[in-house]
Protein chains: 2
Amino acid sequence: MSRRNTASQSAVLQLLRESDCALNQDMVAERLDSVVNRSTIYRILNRFVEDGLVHRIVGEDGRQYFAKCSDCTAEAHHHDHPHFHCVSCERVECLSEPLRIGVPAGYLPQQLNVTVSGYCRDCNQNS
Amino acid sequence: MSRRNTASQSAVLQLLRESDCALNQDMVAERLDSVVNRSTIYRILNRFVEDGLVHRIVGEDGRQYFAKCSDCTAEAHHHDHPHFHCVSCERVECLSEPLRIGVPAGYLPQQLNVTVSGYCRDCNQNS
DNA sequence: CTTGTTAATGCGACAAATTTGCATTAACTT
DNA sequence: AAGTTAATGCAAATTTGTCGCATTAACAAG
Ligand SMILES: [Mn+2]
Ligand SMILES: [Mn+2]
Ligand SMILES: [Zn+2]
Ligand SMILES: [Zn+2]
C-alpha cells in the first residue's frame with residue numbers, strides 16, 4: 001500500500017515544517033487555509049508518525065501534539081529531547097538537548113516523553 | 001473550606017500508599033473494597049493533588065495516573081523523577097533518580113512529566 | 001487519454017476519559 | 001441537637017481520538 005499525494009497532506013506537512021512548535025489537531029485545523037475533516041487530519045498525522053516524518057508528543061494536558069522530525073527516519077527515531085509546554089498559550093516546543101534516562105535492569109524502553117510545563121518567555125513576561 | 005474525613009477518601013489514600021505503582025481511576029475503582037462513584041474518585045484524587053499528597057502523571061496513553069508523594073508538601077513539590085509506563089501491563093512506576101532539565105532563559109518551568117514507555121521486566125520476559 | 005485499482009477523504013457514529021450541575025448525604029462546628 | 005457546607009452519587013455534558021462505510025480521486029497500466 002503505497003502513499004498517494006494529496007493537497008491536504010502536503011498542506012499539513014507544510015504547516016508542521018513552517019511551525020516552530022508542535023501542533024495538535026485543533027491547531028492544524030485552524031491554521032489550514034482550506035477546511036479538512038477532523039478524522040482526516042488525525043489520519044494524516046498518524047500516517048506521518050508511522051512514516052517517521054513527524055513525532056508524537058503527549059502534552060501535559062494529555063493531548064497529542066505533533067512536530068516535524070528534524071532528522072528521523074522510519075527505521076531510526078530519536079525522539080529523545082524534552083519539550084516545553086506552556087500552560088498559558090498552550091505552545092509545545094521541542095528543546096534541543098537530547099536526554100538519556102536509565103531504566104532498571106530487565107526493562108525494555110522504547111519511547112520517551114519528556115515535558116516541562118510552565119510559562120514560556122512571552123507568557124511569563126506578560127503576566 | 002476545610003477538608004472533611006470520609007471513608008472513601010481514606011480508602012483511596014491507603015490504596016495509593018500501599019501501591020508500588022501509580023494508579024488511574026479505573027485501577028483505584030477496581031481495587032477498592034466498596035463501590036465508589038467514578039466522579040467521586042476523580043474528585044478525591046484531584047483534591048489530593050491540590051493538597052500535595054499525591055502527584056499526577058500523564059501516561060503515554062494520555063491518561064492520568066496518581067502516585068503517593070514520598071516527601072512533598074503543599075508548598076514544595078519535587079516531582080522531578082521519571083516514570084516507566086509498561087505498554088503491555090499498563091503499570092506506571094516511579095523511578096527513583098531525580099532529574100533536572102534546562103529550559104531557555106526567560107522561561108518559568110513549573111511541572112515536569114517524564115515517561116519512558118516500553119516493556120517492564122515481567123512483560124519483557126513473558127513474551 | 002481512458003480505465004481500473006485502491007489509498008485518501010468526509011461524515012456520522014462510537015468510545016474512552018474526565019468534568020460538571022444539582023440534589024442529597026453526612027462530617028464537623030457551635 | 002441543630003446548622004453549615006464539604007463530600008458524594010447520578011446523570012449529562014465535554015473533549016479527544018478512533019472506526020465503519022460510502023464516495024472521491026491519485027496514480028499506474030494499457
Ligand atoms: Mn519533539
Ligand atoms: Mn512519580
Ligand atoms: Zn506561553
Ligand atoms: Zn508490564
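Letters A, B, ... are given to chains in the order of the sequence lines, protein chains preceding strands, and every chain is numbered from 1.
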Check the orientation of A:His81 and A:His55. Use parallel for under 30°, tilted for 30 to 60°, and perpendicular for over 60°.
perpendicular

Whole Å only: how far is the CG atom of B:Asn24 from the C1' atom of C:dT19?
16 Å

Taken in chain and number order and not counting sequence neighbours, the residues that satisfy ring pair (Phe, Tyr, Trp, His ring centres under 6.0 Å) with B:Phe66 are none

Looking across every strand, which nucleic acid part, if any, lies under 4.0 Å from B:Gln64 by heavy atom: base, sugar-phosphate, or nothing?
sugar-phosphate

Residues 102-127 of chain A vs ring-ring contact (aromatic ring centres under 6.0 Å, His included), sequence neighbours excluded, gives A:Tyr107-B:Phe84

With DNA chain C as reference, determine whether A:Gln9 or B:Asp26 sits nearer its 5' end, using the nearest nucleotide of each.
A:Gln9

Residue pairs passing the ring-ring contact (aromatic ring centres under 6.0 Å, His included) test with at least one member in residues 25-48 of chain A, sequence neighbours excluded, are none

Sequence-distant partners of B:Ser117, side-chain contact (heavy atoms from CB on, under 4.5 Å), two or more places apart
A:Gln111, B:Glu60, B:His85, B:Val87

What pairs of residues pass the salt bridge (Lys or Arg N to Asp or Glu O under 4.0 Å) test when at least one of them lies in residues 3-13 of chain A, not counting sequence neighbours?
A:Arg3-A:Asp51

Tell me yes or no: between the side chains of A:Arg56 and A:Asn46, is some donor less than 3.5 Å from an acceptor?
yes

Let's test your reading of the pairing rules: Watson-Crick or G-U wobble, both distances under 3.5 Å, then write DNA chain D as a dot-bracket string with ( ), [ ], | and dots.
||||||||||||||||||||||||||||||

Can you check each nucleotide of nucleotides 23-30 of chain C against protein heavy atoms at under 4.0 Å and return B for base, S for sugar-phosphate only, - for none, in 5' to 3' order?
---BBS--

Got a sec, which pairs hit salt bridge (Lys or Arg N to Asp or Glu O under 4.0 Å) with one end in residues 100-126 of chain A, sequence neighbours left out?
none

Which side-chain N or O atoms in residues 11-22 of chain B pair as donor and acceptor under 3.5 Å with protein atoms at least two apart or in another chain?
from, atom 1, to, atom 2, distance (Å)
B:Gln14, OE1, B:Arg17, NH1, 2.9
B:Gln14, NE2, B:Glu18, OE2, 2.9
B:Ser19, OG, B:Cys21, N, 3.1
B:Ser19, OG, B:Cys21, O, 2.6

For A:Gln25, all residues meeting side chain to side chain donor-acceptor pair (under 3.5 Å), sequence neighbours excluded:
none

Separation of A:Asp61 atom CG from C:dT18 atom P, in whole Å?
12 Å

Just to be sure I understand the geometry, which residues of residues 29-49 of chain B put a non-hydrogen atom under 4.0 Å away from DNA chain D?
B:Val36, B:Asn37, B:Ser39, B:Thr40, B:Arg43, B:Ile44, B:Arg47

B:Glu60 CD to D:dG17 P: how many Å, rounded?
14 Å

With sequence neighbours excluded, give me every salt bridge (Lys or Arg N to Asp or Glu O under 4.0 Å) pair touching residues 24-44 of chain A.
A:Asp26-A:Arg63

